[in-house]
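Index from 1, following the sequence.
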Amino acid sequence: MNDLKFEVLIDKSFADINTVPTLTPVNNKTVLSLINDFENGQWRYTKFQSFIWDNIVETALSKNEREKLVNQDHSRLIAAAKNLRLTDEEKSDIGQGSELAEIVLYGIMRHHYGALSVVPKIFYKQNVQDNAKGADSIHIILEDNKDFSIWFGEAKFYNSIENTRLDSIIESVNNSLQIEKLKKENSIITNVSDIDLVIEDEEVRNQIKSILRNENSIDNLKPKLHIPILLLHECSMTKSCTELTDSYRESIIVYHKNRAQAYFSKQISKIGSLHKYSDITFHLILFPVPDKKVIVDKFVSNVKYYQDQ
């Protein structure tokens, strides 16, 4: 499934990209590289912002809230905007654009992976006053044979994804994989009503709830656990381009393969000893933008507009 409206440059196993024969494990990792296009000599900022607002209700409103406002698109946007905290106005690079990145990840999960949003995270963080803790996204993917996978996502928007920045990303992923954090996320899924509304098959729903029960061993969850890691990042090559050329595509492919190699090499080194690490599937998602500040400022401006309605 892919109706993202962004071009996919890389979508493959990290094992097909890895250049270090001794690096292991590599088969439990994938790399997805996405790019926006250009129009009239400019990167399409409006298209990118539209993607954010087309997907904002999935993470900022609960299933019940979305149903109450069905066919009321303007009202849904207003309600979604009121649940945003504008952490984007924080001065640190880490704080800026955090909720924007979460929304982009929700959109990618929905349109590329065909995932179901069982916990609209911004909505619940807003309502329990817990903005900084837990996974940035929680999704479930249903398979044709009634199997399923559970996805706890990390979403970052950085000025740079050079080597010095990778350690903080890996630390965040490591924290999310600690037993107490995983059990907390499991309890969120089972305690909110969205899972009952989103997953119609009662048998599958009960299987999911069973594996997520607090008394169940986290070891049983890990083979079904996927960690998508979105790195939305400022990119000088994207900033200098004026059209979507094969040369630009190839440059981004080379750069993203390099970043994937650096990231997963560091991740294996730092957290590869985690119990049943090889049972967990990691997905590195890379998306370059020309200017982080322009995107964040426009997003904040739009949020304030809808909040004032």
Side-chain angles (χ1 to χ4, degrees), residues 4-6 34-62 65-66 69 71-111 117 120-127 129-132 136-137 153-161 165 230-242 244 285-309:
L4 267 174
K5 300 180 181 177
F6 297 118
L34 304 169
I35 55 170
N36 194 5
D37 55 355
F38 297 79
E39 186 174 62
N40 197 31
Q42 297 289 326
W43 191 80
R44 294 184 67 185
Y45 283 96
T46 301
K47 177 181 175 181
F48 185 78
Q49 292 287 341
S50 294
F51 180 76
I52 296 169
W53 288 92
D54 286 345
N55 289 281
I56 194 170
V57 296
E58 288 288 323
T59 179
L61 296 179
S62 69
E65 292 296 316
R66 298 196 299 270
L69 298 172
N71 297 325
Q72 300 180 52
D73 291 344
H74 187 68
S75 297
R76 282 154 65 103
L77 291 178
I78 292 172
K82 290 185 184 298
N83 275 339
L84 298 173
R85 294 191 178 182
L86 292 183
T87 54
D88 315 276
E89 293 181 297
E90 296 174 9
K91 293 181 179 179
S92 70
D93 180 27
I94 293 176
Q96 291 177 336
S98 57
E99 288 186 338
L100 184 157
E102 289 180 37
I103 296 163
V104 172
L105 178 56
Y106 266 78
I108 292 171
M109 290 301 304
R110 175 186 176 189
H111 295 286
S117 171
K121 209 60 191 288
I122 288 176
F123 173 83
Y124 284 106
K125 286 191 295 185
Q126 168 71 11
N127 283 273
Q129 301 296 306
D130 191 15
N131 191 60
D136 293 328
S137 77
E154 294 282 326
K156 310 295 182 187
F157 195 173
Y158 285 157
N159 289 332
S160 166
I161 54 169
R165 181 49 57 85
L230 170 65
L231 300 185
L232 196 62
H233 66 94
E234 192 168 291
C235 169
S236 59
M237 290 180 288
T238 303
K239 190 170 188 175
S240 65
C241 267
T242 58
L244 190 57
I285 306 169
L286 300 155
F287 197 139
V289 303
D291 193 313
K292 177 182 175 180
K293 185 177 187 303
V294 170
I295 291 171
V296 171
D297 286 351
K298 182 62 176 177
F299 174 69
V300 171
S301 175
N302 286 337
V303 170
K304 288 181 176 178
Y305 168 78
Y306 282 112
Q307 287 182 339
D308 290 340
Q309 298 299 298

### Message
Could you walk me through whether Asn55 and His111 satisfy the side chain to side chain contact (heavy atoms under 4.5 Å, CB included) test, starting with their C-alpha distance in whole Å, then the side-chain angles of each, then the deciding distance to 0.1 Å, before giving a yes or no?
### Response
CA-CA 10 Å; Asn55 289 281; His111 295 286; 3.0 Å; yes
Identify the two heavy atoms, one from [X] and one from [Y], that lie closest to each other, and give their separation to 0.1 Å.
{"X": "Asp297", "Y": "Lys293", "answer": "OD2-NZ, 2.6 Å"}
{"X": "Asp54", "Y": "Arg110", "answer": "O-NH1, 4.0 Å"}
{"X": "Phe38", "Y": "Leu244", "answer": "CD1-N, 3.6 Å"}
{"X": "Ser137", "Y": "Leu105", "answer": "OG-CD2, 3.5 Å"}
{"X": "Pro290", "Y": "Lys239", "answer": "O-CD, 3.3 Å"}

Trace of the side chain to side chain contact (heavy atoms under 4.5 Å, CB included) decision for Leu286 with Ile161
CA-CA 10 Å; Leu286 300 155; Ile161 54 169; 3.9 Å; yes
Whether Trp43 and Phe48 hold their rings parallel, tilted or perpendicular, with breakpoints at 30° and 60°: tilted
Roughly how far apart are [X] [atom1] and [Y] [atom2], rounded to 0.5 Å?
{"X": "Lys298", "Y": "Leu100", "atom1": "NZ", "atom2": "CG", "answer": "13.0 Å"}
{"X": "Arg165", "Y": "His233", "atom1": "CZ", "atom2": "NE2", "answer": "12.5 Å"}
{"X": "Glu99", "Y": "Asp136", "atom1": "CD", "atom2": "CG", "answer": "10.0 Å"}
{"X": "Asp291", "Y": "Ser236", "atom1": "CG", "atom2": "OG", "answer": "12.0 Å"}
{"X": "Ile295", "Y": "Glu234", "atom1": "CD1", "atom2": "CD", "answer": "8.5 Å"}
{"X": "Leu231", "Y": "Ser160", "atom1": "CG", "atom2": "OG", "answer": "10.5 Å"}

- Partners passing ring pair (Phe, Tyr, Trp, His ring centres under 6.0 Å) against Phe51 (at least two apart in sequence or in another chain):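 Counting only residues at least two positions away or on another chain, Phe51 forms a ring pair (Phe, Tyr, Trp, His ring centres under 6.0 Å) with Phe6.
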inquiry  = By the salt bridge (charged side-chain N to carboxylate O under 4.0 Å, His left out) test, which pairs, at least two apart or in different chains, include something from residues 41-51?
reply    =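 Residue pairs passing salt bridge (charged side-chain N to carboxylate O under 4.0 Å, His left out), neighbours aside: Asp37-Arg44, Asp37-Lys47.
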> Under the side chain to side chain contact (heavy atoms under 4.5 Å, CB included) criterion, do Thr238 and Val289 qualify, and how do the steps go?
Replying inline: CA-CA 6 Å; Thr238 303; Val289 303; 5.7 Å; no
_side chain to side chain contact (heavy atoms under 4.5 Å, CB included) between Ile108 and Leu4, worked out_ = CA-CA 7 Å; Ile108 292 171; Leu4 267 174; 4.0 Å; yes
Item to check | Check: Phe157 ring centroid to Phe299 ring centroid under 6.0 Å | outcome: no
Any heavy-atom pair between the side chains of Phe287 and Asn36 that's under 4.5 Å?
yes
